[in-house]
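Following: one structure in structure tokens, then a few remarks.
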Amino acid sequence: MGRQAGTTGRPRGGLADKRRAILEGALTVFARDGYTRASIDAISAAAGVSTRTIYNHFTDKAELFLTVIHESAARVAAADSTIIERHLRKVVDVEADLIEFGREWVAPRPEFAAHFALVRQVNAEVGHIPDEAIEAWQEAGPRRVRRELAGHLAAMSERGLLEIADAERAALHLMLLVAAGLTSRVDEPSAEEIDETVTAGVRAFLHGYTP
């Protein structure tokens, strides 16, 4: 059966399907090669589309990167928000509930491996990445999540469970303490290591923020 010219290896479907293929391929390449080393040719190969198709959707590599990191950060932030809401919406035992939150917060999430690899690339070459892309990533991801966590901590403070003057700073402290040393590791921590780290982090947090 003959092949149609120009279709081999390319996704079929409409513009939305091709745009999604481009974004998925770009995430793979940016996460692997970083921003400066990634090429449109490599992205087109990963996406299974022509370079012309990429330029039909995005002006240049900078716009493509901005879109990729914004959408990827938004997906991770949505998952983070679910974790926050699940554990901190109704706090009964402050220490126990924060530990349960921390365990899920730092647990490995292989479905977002490409995003976290992308973040490592961004941190390594931040001086070479357009400021607009950095701002889009921060606002769609880390800042949004920190604000949501801060809101729950502020509510706990209003109930007298914690004593917090700056909720966003407290949120940053909690995130750093429960993940201390875990996120920078190359290997995957065991459940026991996660439990020990999270428990110690929560107790350190409560030492500073308990009334």
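Since the model is a prediction, treat every value here as computed from it, not as a measurement. When a residue number appears, it is its place in the shown sequence, counting from 1.
Under the 4.5 Å side-chain heavy-atom criterion for Ile, Leu, Val, Met, Phe, Trp and Tyr, Val76 and Ile83 are members of distinct hydrophobic clusters. If you chain together hydrophobic residues whose side chains sit under 4.5 Å apart, Leu66 and Ile129 never meet in one group.
For Arg20, the side chain to side chain donor-acceptor pair (under 3.5 Å) partners at least two apart in sequence or on another chain are Glu71. Residues meeting the salt bridge (Lys or Arg N to Asp or Glu O under 4.0 Å) test with Arg32, sequence neighbours left out: none. In this structure, Arg120 has no salt bridge (Lys or Arg N to Asp or Glu O under 4.0 Å) partners at least two apart in sequence or on a different chain.
With hydrogens and angles disregarded, no donor-acceptor distance shorter than 3.5 Å links the side chain of Glu188 to the backbone of Pro108. Judged by distance alone, with hydrogens and angles left aside, the side-chain atoms of Arg109 form no donor-acceptor pair with the main-chain N or O of Ala79 at under 3.5 Å. In terms of modelled atom types and a separation under 3.5 Å, the side chain of Ser72 and the main chain of Val68 share no donor-acceptor contact. No donor-acceptor pair closer than 3.5 Å links the side chain of Asp195 to the backbone N or O of Ala191.
Here the closest non-hydrogen pair linking Ala46 and Val29 is CB-CG2, 3.8 Å.
Among residue pairs with one or both ends in residues 20-50, those qualifying as ring pair (Phe, Tyr, Trp, His ring centres under 6.0 Å) are Phe30-Phe65, Tyr35-Phe65; sequence neighbours excluded. Under the ring pair (Phe, Tyr, Trp, His ring centres under 6.0 Å) criterion, the residue pairs touching residues 104-153 are Phe101-Trp105, with sequence neighbours excluded. Residue pairs that meet the side-chain hydrogen bond (donor to acceptor under 3.5 Å, both in side chains) test with at least one member in residues 160-176, sequence neighbours left out, are His173-Tyr209.
Taking 4.0 Å as the cut-off between side-chain N and carboxylate O, Arg147 and Glu139 count as a salt-bridged pair.
Heavy-atom contacts from other residues, nucleotides or ligands closer than 6.0 Å to CG of Asn123 number more than 12. Crowding of Glu85 atom CD: a count of heavy atoms from other residues, nucleotides or ligands under 6.0 Å exceeding 12.
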